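Quick notes on the structure that follows.
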Amino acid sequence: MARNFKRIETKLIHAGEPRPRIAGAVELPIFQSAMFEYAGETSYHDLKYIRLNNTPNHTALHEKLAALENAEAALITASGMAAISTTLLTVLSAGDHLLAQSCLYGGTHDLLTKDFAKFGLTFDFIDADDRHSWQAALRPNTKAIYVEAMTNPLLEVADLRGVVEFAREQRLVSIIDNTFASPINFRPMEIGFDLSLHSATKYLNGHSDIVAGAVAGRAAVIERITHKLNHLGGSMDPHAAFLLNRGLKTLALRVRHQNQSTLRVAQFLESHPSVARVNYAGLETHPRHERAHELFEGYGGVLSFELKGSTDRAQDFMNRTTIPIIAPSLGGVQTLLTRPATTSHSGMSRDDRLRLGIGDNLIRMSVGIEATEEILEDFEQALA
Ligand code: PLP
């Protein structure tokens with residue numbers, strides 16, 4: 001009998017897991033076999049082969065992720081960028097136009113600005129907070145609108161309900177990168193998004209030991225994206241799939257701890273005399289706090305801030321901390337610090353970066369699951 005798990009904590013453990021259990025194994029084993037015996041399949045896409053994303057490790061995760069996002073179907077990919085590029089190349093064809101939020105993850109920004117033209121695709125950046133401006137950017141060939149749940153690294157929360165309404169009115173495919181929120185804090189399908197994307201490298205896996213991606217949405221679109229992925233080849237390795245399935249089991253515990261810990265760090269920084277600005281939607285002073293409160297169940301584990309003084313002062317502070325690791329990326333169990341100007345947004349021109357508000361001295365923090373008190377003590381000594 002198909003089992004219908006109601007709560008996300010239970011889905012994380014049981015959704016998609018094979019029944020009966022394989023040889024009784026409590027944990028889904030790794031199917032490290034490139035190909036499987038031919039069993040009379042009639043379609044290329046149904047042949048059992050790792051690149052076709054259909055080993056038991058893949059199919060269990062597809063079902064689990066769909067359950068977590070409350071979507072009809074989901075697909076795992078070799079990286080977040082594989083999910084993003086394959087989705088965009090499925091939804092858009094040569095000659096099509098995309099509306100995209102202006103402050104995007106650096107890799108996605110580069111894909112649009114550096115590669116889109118070669119595929120005959122065009123785009124315009126929009127202020128995803130100003131719904132009155134979108135109509136002007138619309139063209140007869142506009143096919144989709146693309147936003148992020150919380151922007152990286154400024155943690156802005158766009159008018160996401162407005163995006164869904166606009167997409168419906170204009171018959172556009174609405175796509176959201178839900179990496180920063182994770183399905184614990186936000187499930188975009190529930191407010192009407194068509195497709196939700198993830199860098200599963202971040203919260204979904206949560207242990208900073210694999211690169212992975214995911215996309216969730218309606219079954220018919222996911223099937224088209226799957227076929228595109230089968231051609232482009234950005235499939236996930238079964239060992240990475242095994243680790244992702246293991247990591248997912250603690251997602252709710254990790255993310256809820258990170259929500260609480262990050263709010264405390266944000267409050268500490270906001271009240272510290274050396275800090276000029278803190279970006280975190282959980283703070284009541286954040287301009288979009290009310291909106292974030294209405295949309296999300298938690299405000300996530302990433303914040304960014306600027307210290308008073310020069311870029312050297314920011315770098316010096318980072319070097320003086322002892323608990324965080326100075327490294328790009330986010331969403332793992334370890335607290336990480338980075339200056340986006342030198343990492344995630346280094347591909348962008350300095351002028352573009354500054355125009356978006358990403359200064360050289362901006363520090364992004366991904367809060368791990370260490371003791372909050374100890375992180376605060378460490379920050380106190382590093383700021384002294
Ligand atoms: N989307 C967001 C919001 C990200 O932060 C990242 C990576 O940092 C990506 C997508 C790309 O994911 P990946 O590095 O897994 O390809």
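Both counts, for ligands and for their atoms, begin at 1 and track the order of listing. Being a predicted model, the structure only gives us computed values, none of them experimental.
- Think of Phe36 as one node in a network of Ile, Leu, Val, Met, Phe, Trp and Tyr side chains linked at under 4.5 Å; its network also takes in Ile22, Leu28, Phe31.
- With a 4.5 Å cut-off on side-chain heavy atoms, Tyr146 and Ile176 do not count as touching.
- The side chain to side chain contact (heavy atoms under 4.5 Å, CB included) with Thr77 is formed by just one residue from the set Thr86, Leu229, Leu197; it is Leu229.
- Using a 4.0 Å heavy-atom criterion, the residues that approach ligand 1 are Ser79, Gly80, Met81, Ile84, Tyr105, Asn152, Asp177, Thr179, Phe180, Ser199, Thr201, Lys202, Val211, Ala212.
- Between Phe317 and Phe379, the distance from one ring center to the other falls under 6.0 angstrom.
- When ring centroids are compared, His231 and His45 come within the 6.0 Å threshold.
- Aromatic ring pairs are classed by plane angle as parallel below 30°, tilted from 30° to 60° and perpendicular above 60°; the pair Trp134 and Phe166 is perpendicular.
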